[in-house]
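To start, the structure itself, in structure tokens.
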Amino acid sequence: MILARDLSIRHTVASGQPLAFYSHYSNGKHGEDLRYVTQAGEISILKRSGRISFCFSGEYTEKSAKDEIVSRLGLGDDMGEIYRNIGTDQFMEDAIKSFKGLRITRNDPWEATLCFVISQFNNIKRIRGIMGRMIGEFGEDRGKYHAFPTPEAIASADLGAIRACGTGFRDRYIKSVAEEFAFSFDKKKLYGMGYGDAKAALMELDGIGDKVADCILLFGYNKLEAFPIDTWVKRIMERVYFKGRKTSIRKLHEFAAERWPGRYQGYAQQYIFWHGRENIG
DNA sequence: ACCCAGGCGGGCG
DNA sequence: CGCCCGCATGGG
């Protein structure tokens with residue numbers, strides 16, 4: 001059993017995070033049910049009120065499964081401190097009120113990378129479909145589910161097979177980053193690097209720009225200071241903070257760093273994104 | 001039919 | 001640096 005105050009699995013999974021693309025979520029009368037497969041095995045969670053009960057299989061032990069869940073769902077985050085930090089104005093207060101319990105999930109760097117390379121110039125529903133087909137096509141068969149595809153599996157696939165999953169023009173980016181992660185890119189090294197250096201290293205890769213790099217750092221490398229700016233965040237910030245004027249990505253980054261200094265820009269961003277998308281349009 | 005989606009690379013001034 | 005363009009695909 002795990003205590004989980006200020007956790008909404010629904011908001012967390014719905015808000016376009018990598019976890020959503022490889023998990024199975026349902027909300028029944030017994031509570032919120034979430035299942036997902038990792039390289040180590042399968043995790044199954046049931047949350048009712050502020051408590052999580054869980055099951056596991058594969059290589060997991062009671063302790064490692066618990067650690068996995070706490071880490072994956074960001075349960076170590078002090079939401080009181082985070083809400084005080086990002087609740088800087090009426091828009092942010094409304095966002096927090098609407099989506100209290102929305103967490104930043106922590107995913108494997110490769111998983112975050114593949115998901116967000118696919119996300120570019122795309123929409124959440126389609127990303128989900130493409131990821132589902134890639135998992136079915138290239139992920140190891142674990143019986144009930146397939147595991148997340150390894151970089152090696154995708155690196156050795158041919159471009160046509162990747163494209164057959166519905167990736168469109170992103171096929172070559174997908175293959176390229178898979179080759180990097182399989183053979184040359186030192187993905188461990190980024191954990192020990194500062195935010196700026198790690199972002200620059202990711203942006204060396206073909207198909208990874210400013211926004212995708214920030215997503216990978218936020219959702220894959222536990223760097224909560226990352227602030228991904230997509231079309232929604234840009235549009236909403238321009239409306240709320242810049243009187244509707246077109247504003248460059250660079251200016252928006254500068255504004256965010258000033259308004260939400262410290263370690264929680266990534267949380268600010270996720271609440272702007274989801275509140276803006278769901279409640280403001 | 002038209003527009004848009006968790007953008008990026010390349011080319012231009 | 002900023003700006004503009006093309007890019008696959010499917011849903012509204």
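If you're wondering where the values come from, they're calculated on a predicted model, not measured in any experiment. Every chain is numbered from 1 and lettered A, B, ... according to where its sequence line falls, protein lines coming before strand lines.
The separation between A:Tyr173 atom OH and B:dG7 atom P is 13 Å, rounded to whole Å. As rounded to whole Å, 7 Å separates atom P of B:dC8 from atom CG of A:Asp210. Straight-line distance from the CZ atom of A:Phe273 to the C1' atom of B:dG7: 13 Å, rounded to whole Å. Distance A:Lys211 NZ to B:dC8 P: 7 Å, rounded to the nearest Å. When the C1' atom of B:dC8 is taken as reference, atom CG of A:Asp230 falls 14 Å away, rounded to whole Å. Summarising the geometry, the separation between CG on A:Leu205 and C1' on B:dC8 is reported as 13 Å, rounded to the nearest angstrom. Following rounding to the nearest Å, A:Leu202 (CG) and B:dC8 (C1') show an atom-to-atom distance of 15 Å. As rounded to whole Å, 13 Å separates atom C1' of B:dG7 from atom CD1 of A:Ile229.
Electrostatic pairing of A:Lys199 and A:Asp210 counts as a salt bridge here, judged by a charged N lying under 4.0 Å from a carboxylate O. By the 4.0 Å N-to-carboxylate-O rule, A:Lys97 lies too far from A:Glu93 to be salt-bridged with it. The pair A:Arg10-A:Glu278 fails the salt-bridge criterion, with no side-chain N (NZ, NE, NH1 or NH2) lying under 4.0 Å from an Asp/Glu carboxylate O. Using a 4.0 Å cut-off between charged side-chain N and carboxylate O, A:Arg263 and A:Asp77 make no salt bridge. With respect to the salt-bridge test (charged N to carboxylate O, under 4.0 angstrom), the residues A:Glu68 and A:Arg72 qualify. The pair A:Lys188-A:Asp186 does not meet the salt-bridge criterion, since no charged nitrogen lies less than 4.0 angstrom from a carboxylate oxygen. Classification of A:Asp171 and A:Lys175 as a salt-bridged pair fails, no side-chain N sitting under 4.0 Å from a carboxylate O. Looking at A:Glu238 and A:Lys234, a side-chain N of the basic residue comes within less than 4.0 Å of a carboxylate O on the acidic one, giving a salt bridge.
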Please tabulate the protein-to-nucleotide N/O contacts below 3.5 Å involving nucleotides 9-12 of chain C, giving atom names and distances.
residue	atom	partner	partner atom	Å
C:dT9	O4'	A:Arg126	NH2	3.4
C:dT9	O2	A:Arg126	NH1	3.1

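Remark: the backbone N or O of A:Gly139 is paired with a side-chain donor or acceptor of A:His146 at under 3.5 angstrom.
The stretch residues 231-254 of chain A comes close to DNA chain B through A:Thr231, A:Trp232, A:Arg235, each having a heavy atom under 4.0 Å from the strand. Of all the residues in residues 97-120 of chain A, A:Ser119, A:Gln120 reach under 4.0 Å from DNA chain B with at least one non-hydrogen atom. For the segment residues 11-21 of chain A, the set of residues with a heavy atom within less than 4.0 Å of an atom of DNA chain B comprises A:Ser15, A:Gly16, in numerical order.
Heavy atoms of A:Ile208 sit under 4.0 angstrom from primed sugar atoms or phosphate atoms, though from no base atom. If you check every strand for non-hydrogen atoms under 4.0 Å, A:Asp206 touches sugar and phosphate atoms only.
A:Trp232 carries A:Arg235 over the face of its six-membered ring, with the cationic atom under 6.0 Å from the centre and within 45° of the normal.
Looking at A:Asp206 and A:Ser176, their side chains never bring a donor and an acceptor atom within 3.5 Å of each other. Inspection of the A:Thr38 and A:Tyr60 side chains reveals an N or O donor paired with an N or O acceptor under 3.5 Å. Using a 3.5 Å distance cut-off with no hydrogens or angles, the side chains of A:Asp6 and A:Tyr83 do not pair a donor with an acceptor.
In terms of heavy atoms, A:Met203 sits closest to A:Ala213 at CG-CB, 3.7 Å.
The hydrophobic cluster containing A:Val37, built from Ile/Leu/Val/Met/Phe/Trp/Tyr side-chain heavy atoms closer than 4.5 Å, also comprises A:Tyr145.
Base pairing in DNA chain B yields stems of at least 3 consecutive Watson-Crick or G-U pairs, both distances under 3.5 Å, namely B:2-5 with C:9-12, B:7-13 with C:1-7.
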Do A:Glu62 and A:Lys66 pass the salt bridge (charged side-chain N to carboxylate O under 4.0 Å, His left out) test, and can you show the C-alpha distance, the side-chain angles, and the key distance before you say yes or no?
CA-CA 6 Å; A:Glu62 182 84 16; A:Lys66 180 174 177 176; over 6 Å; no
